[in-house]
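These notes concern the structure reproduced below.
Reckoned from all heavy atoms, side chains included, excluding hydrogens, waters and symmetry mates. Naming: A, B, ... by sequence-line order, numbering from 1 per chain.
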Number of protein chains: 2
Amino acid sequence: MSHTLGIRQAQKQKTRQALLDAALGLLEEQSLSSLGLREVTRAVGVAPTAFYRHFRSTADLGVALVEEALGSLHPMIRTTVSTTGDHEERITRTIELIARHVDGYPAHVRFIARERHGGVQPVREAIRGQLARFAQEVKEELAEDPVSEGWSEDDLLMLAHLYVDQMLITASLFLEALEGPEEEREERTRQVARVATRQMRLIGLGRHHWLD
Amino acid sequence: MSHTLGIRQAQKQKTRQALLDAALGLLEEQSLSSLGLREVTRAVGVAPTAFYRHFRSTADLGVALVEEALGSLHPMIRTTVSTTGDHEERITRTIELIARHVDGYPAHVRFIARERHGGVQPVREAIRGQLARFAQEVKEELAEDPVSEGWSEDDLLMLAHLYVDQMLITASLFLEALEGPEEEREERTRQVARVATRQMRLIGLGRHHWLD
DNA sequence: AATTCCAGAGAACAGTTGTTAACTGCATGG
DNA sequence: CCATGCAGTTAACAACTGTTCTCTGGAATT
């Protein structure tokens, strides 16, 4: 299915990616709703009108960014939450995965956190859709766990949502630690990991006693 | 301390409030970072330059909005989370309070959810400060509860943060239900309340077994 | 080899933005 | 009652915005 595309299409995708990258960079200090199309093209070094060859509007670009930021994350989620290893170990593994991801893609994480409740409706909906998929996947993994015996589908989904939201909050806290002054960074990161671990542990406890 | 202020000061506060109200309205479909000062003054019906008599910038106005949206909420939090009534009853009371607040002040709730991770740093910090106060207050109320005996200060605070974040998520979900099509509104609201109640219940369960 | 296609450039448009300066009229304090 | 203070006005500025139309050079197709 990977038919090596011609010089023409390759160049197009290259500028498209350059637009996405530039936008993501500019969004570090503003929201999508204030991002101008000219601003983006200027940062890339192409004419303003070139923008229309790739996106209908900045909102459209935002939706593409959601896909880039969350689309490739699904397999990672499944393997991480999957039923291997002791319960406590699964928690530390998850927290570490989040920390590593925030470290590797801080701009993507910030974008999602910022635009999840942001001022651009289509983008909000795109994020909501992706997060719903995450919750669904987490739910399916939870169902595999023997601890979930006797749980209703509804309760599994409500727990999955709790986990997903918790992971997002943790990611955003890691990001804040990362953005702070360098001399506090390490300590704050450790602190976030410590608190998040305990919160996950507490939720896990509630889970084990749910059917009492 | 309520020294009836003169005609002059009264009129000033009136336009200031008009600016805040207009801004809040305009922020229903955009983020603060794209809110223009002229846009706000136009909505109020005053000259653009009048804006400067009240705020240095739209960011400054945003900080004032944070104060308006969260400042008056502290006493409400304390009494709601306080140690009166059975545990289950406390949960339904809290959820209902949130639902009622979102119903009464949807624009304020949206503003906080949107700008908590938004593109304007001073506003983000103002919100973070207020939420930290909330967590501190919830922690103090939790400490009163006999269930919290033997808990470390750190653990009380991590639980308080969990509760505060959970309340915010719930508020934002109520808001989404409110914004949806009218015929789904009632059903979706009930659904949100149902899920949020169970999540709170599960966290409460984890809390009771924390020291096992 | 000739033709079509199309990503990007260039110029121009009407409308918007934040900020400045100098002003006006009215409530206030002496 | 008169002088001061100050909320809000008016006018003007350079800079910026999204969008349209026309054009061009080179890859893609025939």
Starting at [atom1] of [X] and ending at [atom2] of [N], how long is that distance when rounded to a whole Å?
X: A:Q9; N: C:dA7; atom1: CD; atom2: P; result: 8 Å
X: A:L26; N: D:dC16; atom1: CG; atom2: P; result: 15 Å
X: A:K12; N: D:dA27; atom1: NZ; atom2: C1'; result: 14 Å
X: A:Q17; N: C:dA7; atom1: CD; atom2: P; result: 17 Å
X: A:Q11; N: D:dA28; atom1: CD; atom2: C1'; result: 15 Å
X: B:R56; N: C:dT20; atom1: CZ; atom2: P; result: 12 Å
X: A:Q13; N: C:dA7; atom1: CD; atom2: P; result: 12 Å
X: B:E39; N: C:dG15; atom1: CD; atom2: C1'; result: 14 Å

Ignoring hydrogens and angles, tell me if any N or O in the side chain of [X] forms a donor-acceptor pair with the backbone of [Y] under 3.5 Å.
X: B:Q199; Y: A:M158; value: yes
X: B:S172; Y: B:L168; value: no
X: A:S33; Y: B:S34; value: no

Completion exercise
Between B:I7 and B:T49, whichever has its closest DNA chain C nucleotide further toward 5' is B:T49

Practice task
Assign each of A:R53 and B:S57 to its nearest nucleotide of DNA chain C by heavy atoms, then name whichever residue's nucleotide is nearer the 5' end.
Solution key: A:R53

Handout entry: D:dC16 phosphate, OP1 or OP2, under 4.0 Å from A:R42 side-chain N/O
Key = no

From [options], pick the nucleotide closest to the side chain of [X]?
X: A:R38; options: D:dG18, C:dG8, D:dG8; result: D:dG18
X: B:T15; options: D:dA7, D:dT10, C:dA9; result: D:dA7
X: A:R8; options: C:dA9, C:dC6, D:dT17; result: C:dC6
X: A:Y52; options: D:dT10, D:dT19, C:dT17; result: D:dT19
X: A:A47; options: C:dG8, C:dA9, D:dC16; result: C:dA9

Handout entry: Ionic contact status for B:R90 with B:D145, cut-off 4.0 Å
Key = yes

Problem - Short N-O contact, A:R42 and A:E39, less than 4.0 angstrom - result: no

Exercise for the section: Name the nucleic acid region contacted by A:R16, choosing base, sugar-phosphate or nothing; use a 4.0 angstrom heavy-atom cut-off, strictly under. Expected result: nothing

